[in-house]
Amino acid sequence: MRYPAQFETSRLEALGDPPYLEPDDARRRYAEGKSLRVVADGSPPEWFLLVSPNRHRFTLTFYAPTGTPICEVVWEADGAGLFCRRIIDLFYPDGDPGGRVPYAQVLSVTQQISTDGVIEVTLASPVGDDAFHEAKLNSVDPYRAAVPGFGDWSALLVASAPPALERFGPHSPDSAKDVADNGVRREGDGAAARPAHWRVPSSLDDIMRDVDAVAAGAPTATAVPVLSRGAAHVLPLALRRNGDDDRSADEQRRRMDVLAGEIRDACEHRAGQGIPVVLDGSDDSLGSYAAALRAEDASEATFWEFGSTSAVVLVRQRDHGDGVSDALSVHVVPAGWLSPRCDAPAVGSVNVGWSWKDISDQRAGADT
C-alpha cells in the first residue's frame with residue numbers, strides 16, 4: 001500500500017511532487033491527526049482510503065479491476081471506536097463503464113445505519129422509481145470496528161469488503177434488489193399508534209416529486225402525506241417525541257438533520273441558494289405566514305422560489321407541543337407570501353400546523 005500526497009478519484013492517480021509520501025511522513029501525519037490518503041498497490045488500485053482530520057471519518061472506496069467504483073463505506077468515530085454510518089453499493093445495468101460516472105446514471109443501494117439500530121435503505125434507479133424503507137436491526141455489533149493503528153488497515157478492509165455480486169449487465173438490478181432486501185432485519189410488526197419517532201416512508205426523489213406536483217397544482221401519487229391548509233400545503237417529513245434516552249434522541253435528531261440536508265441540497269440544485277425566513281417578527285412584510293410559523297414553534301425556515309407562483313419552505317420545529325420535541329416539514333405556499341416580487345392571494349390568518357393525528361388520519365383514509 002502507498003500514501004498519496006493527493007489522489008485524483010476520476011483517473012485514480014496520485015498527484016503531487018512527489019506523488020507519494022514516505023511511510024514515516026505518513027505515519028507522522030496520522031499521529032498528528034491530519035488527513036491521510038491510503039491506496040492499494042496496483043493500477044488501478046483495488047481500494048482507496050481517505051482518513052479525515054482527527055480520524056473522525058474513514059471513507060473506503062472499492063473498485064472493479066477496470067477502475068469502476070463498486071462500493072463506498074463510511075466509518076465515523078463513536079466513543080473509543082468506529083461505527084459504520086453509510087454503505088453505498090453501485091450497479092451498472094448497461095455494463096462496466098470502465099471508470100467513474102455520475103451517481104445519477106448508476107443504480108445504487110444506500111444503507112444509512114444509526115447506533116440505535118435503525119437502518120434506512122434506499123434503492124435509487126436512474127430509470128425507474130426509487131424505493132425506501134426503514135427497519136430495526138437485530139444488532140449493530142457488525143457495524144462496529146476499532147480505530148486502526150497506522151498501517152493496520154486490514155481489519156477495516158475486511159469489515160468493509162463488498163460482497164461478490166453481479167454488478168454489471170442486465171442481471172445487476174437483481175443483485176441490487178437482493179442487497180436492499182438483505183440490508184435490513186426487521187423487529188416488530190409495523191409502526192406504533194403514537195411512535196417515538198416517525199419518518200416519511202419515501203425516498204428523496206418521491207418527496208421532491210410530490211413537492212413539484214403540489215407546486216404545479218397536480219395530484220400526488222406517493223406515500224408522502226400532503227395536508228391542505230387553504231393556500232398553503234404542508235408535507236410532514238419527520239417527528240421525534242420527548243422521552244427517549246439520550247443515545248436514541250441524538251440518533252433521531254441526526255437522521256432528521258440528514259433528511260433536511262438532502263431536501264436543502266435538492267432545492268438548491270433546482271433553485272439556487274435558499275433564503276432564510278425571518279422568524280423574530282422584525283420583518284412585517286411576511287405578515288400572517290411568519291406569524292403562523294412562530295405559532296408552530298418554527299426554529300428555522302428557508303425558502304426557494306419554484307417558478308413565479310410557488311415558494312417551497314423547509315421548516316424545522318423544536319418543542320412543538322403534543323410531546324413532540326423535533327419536527328421537519330416542507331411547506332408549499334404562494335411565492336408572494338415570501339417574495340415582494342410576486343403576487344400573492346389575499347390572506348387573513350394562516351394555519352400550517354400538523355400533528356401525528358393528521359398523519360394517521362390520512363393513512364386511515366388511504367387504506368379505506
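Heavy-atom basis, side chains included; hydrogens, waters and symmetry copies ignored.
- Side chain of R199 to backbone of S202: a donor-acceptor contact under 3.5 angstrom is found.
- By the 4.0 Å N-to-carboxylate-O rule, R37 lies too far from E13 to be salt-bridged with it.
- Summarising the geometry of D89 relative to C71, their closest heavy-atom pair is OD1-SG, 3.6 Å, with the distance given to 0.1 Å.
- Between the side chain of N54 and the backbone N or O of H56, no donor-acceptor pair lies under 3.5 Å.
- Residues P225 and P236 approach most closely at O-CD, 3.5 Å, considering heavy atoms.
- Of the possible polar contacts, none joining the E72 side chain to the I88 backbone as a donor-acceptor pair under 3.5 Å is found.
- Each of D250, D116, D326 was scored for a salt bridge (Lys or Arg N to Asp or Glu O under 4.0 Å) with R255, with one residue passing: D116.
- By the 4.5 Å heavy-atom criterion applied to side chains, V350 and W337 are counted as neighbours.
- Side-chain atoms of D130 come within 3.5 Å of backbone atoms of S125 as a donor-acceptor pair (strictly under, hydrogens ignored).
- By the criterion of side-chain heavy atoms lying less than 4.5 angstrom apart, applied directly or through intervening Ile, Leu, Val, Met, Phe, Trp or Tyr residues, V74 is not grouped with L49; the two fall into different hydrophobic clusters.
- If you check the side chains of S160 and W75, you find a donor sitting under 3.5 Å from an acceptor.
- Here the CD1 atom belonging to I113 is positioned 11.0 Å from the CD atom belonging to E251, to the nearest 0.5 angstrom.
- Note that R167 lies in the cation-pi zone of F91, set by a 6.0 Å cut-off to the ring centre and a 45° limit from the axis.
- Here the shortest heavy-atom pairing between P334 and A231 reads CD-O, 3.4 Å.
- For A271 against E305, the heavy-atom pair with the smallest separation is CB-O, 3.6 Å.
- Side-chain atoms of Q317 come within 3.5 Å of backbone N or O of E296 as a donor-acceptor pair.
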Pairs under 3.5 angstrom only: tabulate donor-acceptor contacts from the side chains of residues 19-26 to other protein residues two or more places apart or in another chain.
from	atom 1	to	atom 2	distance (Å)
Y20	OH	R2	NH2	3.3
D25	OD1	R28	NH1	2.8

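- Of the possible donor and acceptor atoms, one in the side chain of D358 sits under 3.5 Å from a partner among the backbone N and O of S355.
- Counting heavy atoms from C-beta on, the side chains of R57 and L82 never come closer than 4.5 Å.
- Among R254, R55, R144, the single residue meeting the salt bridge (Lys or Arg N to Asp or Glu O under 4.0 Å) criterion with E76 is R254.
- Salt-bridge formation is not detected for the pair D257/R264: no Lys NZ or Arg NE/NH1/NH2 atom is positioned less than 4.0 Å from an Asp or Glu carboxylate oxygen.
- Note on K177 versus D174: no salt bridge recorded, every NZ/NE/NH1/NH2 to OD/OE distance being 4.0 Å or above.
- D152 places no side-chain N or O within 3.5 Å of a backbone atom of P148 that could act as its donor or acceptor partner.
- For the pair W354 and A238, the tightest heavy-atom approach, listed with the atom from each and the gap, is CH2-O, 3.5 Å.
- Annotation for T68 and F168: closest pair CG2-CE2, 3.9 Å, computed over non-hydrogen atoms.
- Under the 4.5 Å side-chain criterion, counting only non-hydrogen atoms from C-beta, D129 is not in contact with S203.
- Remark: the backbone N or O of G353 is paired with a side-chain donor or acceptor of R229 at under 3.5 angstrom.
- Heavy-atom neighbours of E166 CD from other residues, nucleotides or ligands within 6.0 Å: above the threshold of 12.
- Cluster annotation: V352 and V214 are assigned to the same hydrophobic cluster (Ile/Leu/Val/Met/Phe/Trp/Tyr, side-chain heavy-atom contacts under 4.5 Å, transitive).
- For the pair R29 and Y3, the cation does not sit on the ring face, since its NZ or CZ is not both under 6.0 Å from the ring centre and inside 45° of the axis.
- Ring orientation note: the planes of Y289 and H331 are nearly perpendicular, at an angle over 60° on the 30°/60° scale.
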